[in-house]
Student: 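One structure follows; several queries about it will come next.
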Amino acid sequence: TRPVLSATLSSTCGNDIDVESVEMLLNDEVIPCEVTGSGAKVSVEHLPEWNLEQVSDHYVMIRAKDEKGNTVEKEWSFWLGLIY
């Protein structure tokens with residue numbers, strides 16, 4: 001009930017990603033995340049400090065800017081079911 005949330009961000013145009021601009025949201029709340037790497041490719045990771053609600057959809061969004069100010073948002077959802 002505490003899944004690791006992670007993603008890799010890659011700049012398709014070769015611009016460096018501004019690691020200070022990277023944000024991760026879980027269910028519309030900004031959460032702390034660890035950003036590793038530099039340049040045009042970085043990884044983002046978060047391990048929830050609490051158990052996520054079971055039998056529920058959860059939504060993740062990552063926002064970031066590149067060195068030229070271009071922004072990107074990516075989102076996905078996942079279902080956390082009961083563990084038997």
Side-chain angles (χ1 to χ4, degrees):
T1 59
R2 292 178 52 204
V4 174
L5 307 174
S6 64
T8 300
L9 306 176
S10 297
S11 173
T12 57
C13 60
N15 293 335
D16 288 351
I17 296 169
D18 176 5
V19 295
E20 296 297 319
S21 74
V22 177
E23 274 189 324
M24 183 181 277
L25 291 82
L26 175 61
N27 301 326
D28 295 322
E29 292 185 34
V30 176
I31 55 175
C33 61
E34 181 179 343
V35 180
T36 56
S38 62
K41 187 174 183 178
V42 298
S43 296
V44 183
E45 186 174 283
H46 172 78
L47 175 62
E49 296 177 13
W50 64 91
N51 292 334
L52 299 182
E53 183 178 342
Q54 291 190 42
V55 191
S56 181
D57 283 317
H58 296 279
Y59 302 92
V60 180
M61 176 187 285
I62 295 181
R63 291 191 273 226
K65 293 181 182 179
D66 69 14
E67 64 187 352
K68 296 193 178 196
N70 300 312
T71 60
V72 66
E73 291 184 353
K74 296 294 181 182
E75 57 186 290
W76 69 93
S77 63
F78 63 94
W79 170 263
L80 188 59
L82 292 175
I83 300 172
Y84 294 99

Student: Could you measure the distance from the CG atom of Asp16 to the CD atom of Glu67? Nearest 0.5 Å is fine.
Tutor: 4.5 Å
Student: Do Met61 and Val22 belong to the same hydrophobic cluster, where Ile, Leu, Val, Met, Phe, Trp and Tyr are linked whenever their side-chain heavy atoms lie under 4.5 Å apart, directly or via other members?
Tutor: no
Student: Kindly work out whether a path of hydrophobic side-chain contacts (I/L/V/M/F/W/Y, heavy atoms less than 4.5 Å apart) joins Leu5 to Leu80.
Tutor: yes
Student: Atom CG of Asp28 and atom CD of Glu75: how far apart are they, to the nearest 0.5 Å?
Tutor: 9.0 Å
Student: According to ring-ring contact (aromatic ring centres under 6.0 Å, His included), who are the partners of Tyr59, at least two apart in sequence or on a separate chain?
Tutor: none
Student: List the atom pairs, donor and acceptor, that lie under 3.5 Å between side-chain atoms in residues 31-48 and the rest of the protein, sequence neighbours left out.
Tutor:
| unit_1 | atom_1 | unit_2 | atom_2 | d |
| --- | --- | --- | --- | --- |
| His46 | ND1 | Pro32 | O | 2.6 |

Student: Give, for atom CD of Glu53 and atom NE2 of His58, the distance between the pair rounded to the nearest 0.5 Å.
Tutor: 6.0 Å
Student: Between Leu52 and Phe78, which heavy-atom pair has the shortest distance, and what is it?
Tutor: CD1-CZ, 3.9 Å
Student: Output the distance between atom OG (Ser21) and atom CG (Asp66), rounded to the nearest 0.5 Å.
Tutor: 8.5 Å
Student: According to a hydrophobic-cluster definition based on side-chain heavy atoms being under 4.5 Å apart (Ile, Leu, Val, Met, Phe, Trp, Tyr only), do Val72 and Val19 belong together?
Tutor: no
Student: So with a 6.0 Å cut-off around CG of Asp57, is the heavy-atom count from everything else above 12?
Tutor: yes
Student: Do you reckon Val60 sits in the same ILVMFWY cluster as Val30, going by side-chain contacts under 4.5 Å, direct or chained?
Tutor: no
Student: To the nearest 0.5 Å, tell me how far Leu9 CG sits from Ile17 CD1.
Tutor: 5.0 Å
Student: Nearest 0.5 angstrom please: Thr8 OG1 to Ile62 CD1, how far?
Tutor: 9.0 Å
